[in-house]
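These numbers come from the heavy atoms of this one structure, side chains and all, not from hydrogens, waters or symmetry mates.
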Amino acid sequence: MTFAIKKSTQFHINELVLVTKGGNIDISAIYEELNIFDSLLSPVMTGNILIKDANGLSTKLIFDGSESLLIDIAKDKNSDIARFKKAFRIYKQSDRSNDTQTMETFVLEFVSDELMYSDQQKINQSYDLTYTQIVEKILLDYLKISKNNTGGVFDVSYGIRSIAIPNLRPFDAIEWCAKRAVDSKQAPNFMFYQNLLGYNFVSLSNLLTKPEILDIKFEAKNLTGNNPISEMGGARSLEVVAQTDGMEKARSGVNAGKFVGFDPTTGTVAKKNISFGDVFSSMKHANESPNISAVPNRDGKDSTEMFDSNKTVSFFSAAKQFSSYIKEKVPTTLSKQDNTETYLFQRKAILSNLMSKRVKLTMPGNFTLTSGFNVNVEAPNFGKKEKGGGDTNEDQSLSGKYLIIATRHIIGYDKHETIIEVATTSSSIPFVPQALVSQVKEILNY
């Protein structure tokens, strides 16, 4: 099998077919743009396709949600490398407009079929399993996904839980489980999402420490003699979506916060201060230094010590372990209880910290770039380079190992580009920026 790639943005459509009540229709010659999306924050893959039609498809088919779209695209017609093959359910037609008397354009929105199936049912059931086992049973029993088709990564969550799912759609129930699941270090960092490999229920600690699948650089492309394969790691553009937001980190509890719990069974009220270090050290990270800037306030206190920056108040169950009555009458509840104090505050802080440093990159079309994989970014330095200074052309504040959190594949009539949004909880800079008290004094005394 040969792989004849001539340029990094090339692609070959093996199949692009509408499945309708009247039969299969090849639309590879009439589509204008195909977009395919996946995200670490979305349970399913979605997309849309812009069609320019002179055959009256809209009138003939009357799109009613029964249609599906078959997509089979690869980098080259003779290779399975970077190939994407999947069937989607079309759920909506939108933006229909006449271009001429004989031509119209419209957009077909599509989604993984499991989402439409999920929206048609509810779960009211109790479980006595780990959250990972519960998620697997929902996928198999309610969404009818074949066990060998789950495809992605499934981490083992810590502890058997005795829970009752409260009248939720299957995907909502899985998300409900993901928010409560913790790993062996009690870190509530589980994510559920669908990428190009399948469904995943996995901890961020696992994702962030996996090897990088690509080194991304910023270099000239399409030069004479260049190998198009080597250009697959060359980014066309870089956009810094977020690099730091001290206000958001304070308000969301990334720097510090407090959990206030009330146990109605024992009448206990307890408070727990949670620092940045408590949350950050509970999981693994991609780079050596944390994304934190320890800023002193007017009182000279560090921002990571200001526990009233964010406060979460909720029921909790830790006090039950000290109740002699519960130990005697219902001891099994102590080991299977869902401890809100381990996830309710910390999960929001973990995700806010991940989203605080994000970069968007435009890459040559590549279906192996999908949510849940890591890339190494060598960001360029856009500042002036001093002569003889020995400076590199790399921005250390942006460079490093990143996790892909969202992907958009754009397939036009002549090229395939992939836009990835990447994020990280850590930095490759070998030190933590420490603000000085003198900086605060400058504000007060100016």
To the closest 0.5 Å, what do you measure between [atom1] ([X]) and [atom2] ([Y])?
| X | Y | atom1 | atom2 | answer |
| --- | --- | --- | --- | --- |
| K401 | E288 | NZ | CD | 12.5 Å |
| L369 | I419 | CG | CD1 | 12.0 Å |
| L197 | T370 | CG | OG1 | 6.5 Å |
| K75 | H12 | NZ | NE2 | 13.5 Å |

Next item on the list: Report yes if some heavy atom in the side chain of L34 is under 4.5 Å from a heavy atom in the side chain of I73; otherwise report no.
Entry: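 Of all side-chain heavy-atom pairs linking I73 with L34, at least one is under 4.5 Å.
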Partners of [X] by salt bridge (Lys or Arg N to Asp or Glu O under 4.0 Å), sequence neighbours excluded?
| X | value |
| --- | --- |
| D278 | none |
| E421 | R358 |
| E67 | K21 |

Next item on the list: Verify whether the ring centers belonging to H416 and F367 lie closer than 6.0 Å.
Entry: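 Judged by ring-centre distance (under 6.0 Å), H416 and F367 do meet the cut-off.
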Margin query: Would you say the ring centers of F110 and Y91 fall short of 6.0 Å from each other?
Written below: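 Not under 6.0 Å, so no.
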Is the closest side-chain donor-acceptor distance between [X] and [Y] under 3.5 Å?
| X | Y | value |
| --- | --- | --- |
| T130 | Q133 | yes |
| S309 | N255 | no |
| S42 | Q194 | no |
| N206 | S203 | no |
| T105 | S97 | yes |
| N195 | N200 | yes |
| N167 | N124 | yes |

Next item on the list: Apply the test salt bridge (Lys or Arg N to Asp or Glu O under 4.0 Å) to residues D38 and R408: give CA-CA distance (whole Å), side-chain angles for both, the deciding distance (0.1 Å), then the verdict.
Entry: CA-CA 7 Å; D38 64 70; R408 175 187 179 186; over 6 Å; no
Next item on the list: Classify the ring geometry between Y131 and W176 as parallel (under 30°), tilted (30 to 60°) or perpendicular (over 60°).
Entry: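 The arrangement is perpendicular - the two ring planes meet at more than 60°.
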Checklist line | Minimum heavy-atom distance T132-D155, with the two atoms named | finding: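 So the two residues come closest at OG1-O, 2.7 Å.
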Note to self: Give me each pair satisfying ring-ring contact (aromatic ring centres under 6.0 Å, His included) with a member in residues 241-292, each pair once, sequence neighbours excluded.
What the structure shows: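 The answer is F276-F280, F280-H285.
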Checklist line | Verdict with supporting geometry, F190 and F201, ring pair (Phe, Tyr, Trp, His ring centres under 6.0 Å) | finding: CA-CA 7 Å; F190 271 78; F201 187 72; 5.0 Å; yes
Check: Are any of the side-chain nitrogens in R236 or E417 under 4.0 Å away from the carboxylate oxygens of its partner?
Finding: yes
Margin query: I need the single residue from Q125, E114, K122 that forms a side-chain contact (heavy atoms from CB on, under 4.5 Å) with Y142. Which is it?
Written below: Q125
Notebook entry, point to check: Taking only residues two or more places apart in sequence, or in another chain, which ones meet S237 in a side-chain contact (heavy atoms from CB on, under 4.5 Å)?
Noted result: T362
Next item on the list: Identify, with sequence neighbours excluded, every residue that meets side-chain contact (heavy atoms from CB on, under 4.5 Å) alongside I443.
Entry: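 Expected list: none.
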Check: Would K86 count as a cation-pi partner of F88, with NZ or CZ less than 6.0 Å from the six-membered ring centre and within 45° of the ring normal?
Finding: yes
